[in-house]
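A note on names: the letters A, B, ... follow the listed sequences, proteins ahead of strands, and every chain is numbered from 1.
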2 protein chains.
Amino acid sequence: MTFDGLKLGVTAHEVASLAKVSQSAVSRTFTPGASVSEATREKVLQAAKKLGYRPNALARSLITRRSHMIALVMSYLENQFYPLVIEKLSQKLQRQGYHLLMFISDEAESDGVLAEILQYQVDGIVMASTMLSPDMARRCADFGVPVVFFNRVPDSAPAQNNIWAAGSPANATSSVTSDNYQGGRMVAQLLLERRHKRIAFLAGLEQSSTNAERERGFNDVLHAAGVAVYRRAVGNYSAEGAKHAARAMFAGANPLDRPDALFVANDHMAMAAMDVLRIELGLRIPQDVSVVGFDDVPQAAWGSYQLTTVAQSVEDMVRATVELLNQQMQGNAATKPAFDLPSKHIKIACKLVQRQSVRAKPIS
Amino acid sequence: MTFDGLKLGVTAHEVASLAKVSQSAVSRTFTPGASVSEATREKVLQAAKKLGYRPNALARSLITRRSHMIALVMSYLENQFYPLVIEKLSQKLQRQGYHLLMFISDEAESDGVLAEILQYQVDGIVMASTMLSPDMARRCADFGVPVVFFNRVPDSAPAQNNIWAAGSPANATSSVTSDNYQGGRMVAQLLLERRHKRIAFLAGLEQSSTNAERERGFNDVLHAAGVAVYRRAVGNYSAEGAKHAARAMFAGANPLDRPDALFVANDHMAMAAMDVLRIELGLRIPQDVSVVGFDDVPQAAWGSYQLTTVAQSVEDMVRATVELLNQQMQGNAATKPAFDLPSKHIKIACKLVQRQSVRAKPIS
DNA sequence: CTGAAAGCGCTTACAG
DNA sequence: CTGAAAGCGCTTACAG
């Protein structure tokens with residue numbers, strides 16, 4: 001069907017007729033590096049322009065076995081860190097001709113999601129979902145699709161009793177995270193340096209590697225200094241969870257009983273906790289209590305929070321992710337499955353960003 | 001290539017051999033509504049399971065002319081409203097077997113982006129990009145792909161001198177927005193009711209329909225009451241822009257000179273403005289100045305802001321978008337291009353959410 | 001450099 | 001209900 005000289009769904013064949021060349025010729029002029037003479041190339045381009053022709057990416061994928069699509073699986077976007085990831089990752093990928101296919105899912109349904117992802121013949125998968133089934137990683141790899149876990153490292157629990165997992169190598173996937181352990185250490189060092197005595201920790205999701213590593217680094221430094229965590233509660237990385245946790249930890253009338261410093265496993269929860277401390281409990285930050293977060297989301301810099309936090313570099317993390325993906329996509333997925341490739345676990349350095357939520361060192 | 005009994009890239013043909021049926025039979029068992037006997041269906045399913053077979057969605061699309069992918073084009077995710085849109089839209093679409101293909105782009109490059117989108121044979125396009133070239137809308141429609149503009153209505157400027165635009169009907173696309181005009185009116189009414197005298201407006205992007213409509217509704221009510229906007233500045237929907245604008249509007253030593261109420265075109269800017277007013281200028285909200293936003297992003301409800309705002313229902317907007325898409329995707333895109341379908345402009349009601357950033361009615 | 005032909009993995013009339 | 005065959009729109013050896 002035509003419309004004012006415009007044909008809908010123009011094919012290479014039609015361009016070929018108009019240009020009076022073979023269909024192969026038009027295919028070649030749209031394939032970088034293929035050999036076409038300048039003359040026929042011109043003819044084809046003219047005809048293509050006239051008809052509004054664009055190669056059908058799906059048909060192309062069928063034969064090249066490259067869809068130029070990367071699946072991004074995420075579980076929730078409440079945490080401001082993730083929109084940032086979508087934006088940067090999408091832009092970077094776009095620049096090299098790839099696009100993100102979105103899958104929102106939490107662990108519960110991830111098995112079905114994986115099957116769906118695979119149907120779309122994506123060239124790679126970025127897993128930024130908070131939860132993940134223990135053997136998800138290797139199952140992806142078994143299908144020959146490179147997977148990189150973003151901001152989490154896959155559980156190395158033993159393979160489930162599952163046909164796909166049978167016989168797979170132990171670690172068939174890669175990951176990029178920041179150095180969460182080191183980040184946790186930095187927070188403890190800062191708090192100790194500022195002479196805090198009653199240091200509390202507000203945990204995120206306990207099953208998550210981010211929380212585990214941050215907490216481990218934090219505890220290690222504290223223990224080495226002979227101090228134990230004064231109080232601990234779990235917020236599960238949600239704002240509501242953080243509020244409950246904050247109320248519980250700061251309950252009690254005696255000011256000398258309550259924590260004088262609080263490390264929160266991410267900024268999203270830290271800001272929710274700050275609201276509780278200041279508004280509900282009337283505490284001053286940092287005079288009554290110091291608060292430190294993790295991530296350095298844009299909101300952490302906002303005037304109302306001025307949150308001291310450990311910055312994860314989305315930029316660097318995304319760069320590493322794309323590099324990993326590129327490496328693993330080198331070989332043809334059909335002949336060189338991901339499990340033939342070394343799996344790398346990349347740790348990006350993080351950085352302490354000091355703002356106004358931690359008290360200065362007391363003059364003692 | 002096989003791996004522990006698992007074959008990579010299994011095809012319908014291989015399943016057919018194992019099940020001892022024709023390839024057509026396996027295709028049919030994976031096509032809802034196709035006629036297969038229960039017996040062969042069972043055999044196929046068994047074999048498929050054994051081999052880990054999943055139909056190749058790309059190959060299927062080639063012949064069905066349905067990719068089950070919807071392009072989502074956005075320009076920036078700084079505003080918290082958009083992550084919400086991604087999440088809800090993705091979930092809703094996923095439930096009916098569609099997935100979002102992401103395109104991040106601002107106007108400058110949108111022509112190239114459109115071409116790219118079209119190559120992927122998406123079944124529909126959701127345009128949530130802030131900027132858009134005037135004839136983008138009809139160009140999409142010309143290609144037979146349904147387009148719905150989200151949270152913006154396409155400029156109805158005359159067609160550019162462009163081969164695609166030639167002869168196209170004037171309004172070939174649909175849109176869903178909230179009733180921004182009505183929202184603007186509600187804000188003015190509230191501020192008037194609270195006896196504000198020096199009412200200022202902080203604009204977003206002046207070319208955007210959201211800003212234009214909100215401002216128009218706001219002004220109409222003000223004018224009807226015989227009051228003029230006291231001050232006006234432009235923040236371009238960015239936090240930095242809003243801060244500059246706030247400083248400029250509230251400069252001047254005399255408290256009686258400065259605005260006593262501020263309507264900000266969206267929450268993202270409103271919160272930035274609040275930070276300037278309270279922290280830089282030492283003003284109290286709402287005692288010294290009332291602030292109203294627009295959108296009702298999650299942060300607006302946070303303790304530190306308690307922002308009174310006009311809520312846009314992401315839920316309703318997404319529902320309308322998906323309905324529109326479904327309607328327009330009914331016909332086969334190849335034979336029934338979008339411009340044959342009526343274009344609808346849906347307006348979702350918005351709602352005033354009163355929190356703490358507007359003063360109570362003075363007892364006079 | 002160029003074209004005819006095979007084939008990517010599917011769906012869908014068409015006969016039986 | 002079932003299978004053989006054509007065809008979706010491309011790329012890519014293979015000859016020339």
Taking only residues two or more places apart in sequence or in another chain, which ones pass side-chain contact (heavy atoms from CB on, under 4.5 Å) with B:S67?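 With sequence neighbours excluded, B:S67 shows a side-chain contact (heavy atoms from CB on, under 4.5 Å) to A:L58, B:S61, B:M69, B:D123, given in chain and number order.
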
Atom [atom1] of [X] and atom [atom2] of [N]: how far apart are they, to the nearest Å?
{"X": "A:N56", "N": "D:dC8", "atom1": "CG", "atom2": "C1'", "result": "9 Å"}
{"X": "A:R65", "N": "D:dT12", "atom1": "CZ", "atom2": "C1'", "result": "13 Å"}
{"X": "A:L62", "N": "C:dG7", "atom1": "CG", "atom2": "C1'", "result": "9 Å"}
{"X": "B:R60", "N": "C:dT12", "atom1": "CZ", "atom2": "C1'", "result": "13 Å"}
{"X": "A:Q119", "N": "C:dC10", "atom1": "CD", "atom2": "P", "result": "10 Å"}
{"X": "B:I63", "N": "D:dG7", "atom1": "CD1", "atom2": "P", "result": "10 Å"}
{"X": "A:R66", "N": "D:dG9", "atom1": "CZ", "atom2": "P", "result": "24 Å"}
{"X": "A:H68", "N": "D:dC10", "atom1": "NE2", "atom2": "P", "result": "15 Å"}

Residue-phosphate contact under 4.0 Å: A:Y120 side-chain N/O, C:dG9 OP1/OP2: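 The answer is no; no side-chain N or O of A:Y120 sits under 4.0 Å from OP1 or OP2.
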
Side-chain N,O (B:S27) to OP1/OP2 (C:dT11) below 4.0 Å: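 Yes.
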
Selection: residues 28-44 of chain A, any non-hydrogen atom under 4.0 Å of DNA chain D: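 When residues 28-44 of chain A is checked for heavy atoms under 4.0 Å from DNA chain D, the hits, listed by number, are A:R28, A:T31.
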
Show the nearest heavy-atom pair for residues A:M329 and A:P146, with the distance to one decimal.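 Where A:M329 meets A:P146 most closely, the heavy atoms are CG-CG, 3.9 Å.
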
Shortest non-hydrogen contact from B:Q94 to A:M102?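 For B:Q94 versus A:M102, the nearest heavy atoms are OE1-O, 4.2 Å.
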
With the side chain of A:S24 defined as its heavy atoms from C-beta on, choose the nearest nucleotide among D:dC10, D:dA4, C:dA5.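 Between D:dC10, D:dA4, C:dA5, the one nearest the side chain of A:S24 would be C:dA5.
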
My understanding is that only residues two or more places apart in sequence, or in another chain, count here; which of them pass side chain to side chain donor-acceptor pair (under 3.5 Å) with A:S175?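 A:H345.
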
Any chance you could measure B:E116, atom CD, to B:L118, atom CG, to the nearest 0.5 Å?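 Rounded to the nearest 0.5 Å, the CD-CG separation comes out at 10.5 Å.
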
Those residues that, when tested against A:Y120, pass ring pair (Phe, Tyr, Trp, His ring centres under 6.0 Å) (two or more places apart):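 Partners of A:Y120 by the ring pair (Phe, Tyr, Trp, His ring centres under 6.0 Å) criterion, ordered by chain and then number, come out as B:H99.
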
Can you list everything that forms a ring pair (Phe, Tyr, Trp, His ring centres under 6.0 Å) with A:F150? Sequence neighbours excluded, please.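 Here no residue qualifies.
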
Checking side-chain contact (heavy atoms from CB on, under 4.5 Å) against B:I117, which of B:L101, B:V145, B:V73, B:V147 comes through?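 Going through B:L101, B:V145, B:V73, B:V147 one by one, the side-chain contact (heavy atoms from CB on, under 4.5 Å) with B:I117 is satisfied by B:V73 alone.
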
Indicate, with a heavy-atom threshold strictly under 4.0 Å, whether A:T11 touches base, sugar-phosphate, or nothing.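 Counting heavy atoms under 4.0 Å across all strands, the contact made by A:T11 is with sugar-phosphate only.
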
Which dot-bracket notation, 5' to 3', represents the base pairing of DNA chain C when pairs are defined as Watson-Crick or G-U with both distances under 3.5 Å, crossing pairs as [ ], and inter-strand pairs as |? |||.||||||||.|||

When the ring planes of B:F30 and B:Y53 are compared, do they come out parallel, tilted or perpendicular, using 30° and 60° as the limits?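 Geometry flag for B:Y53 against B:F30: perpendicular rings.
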
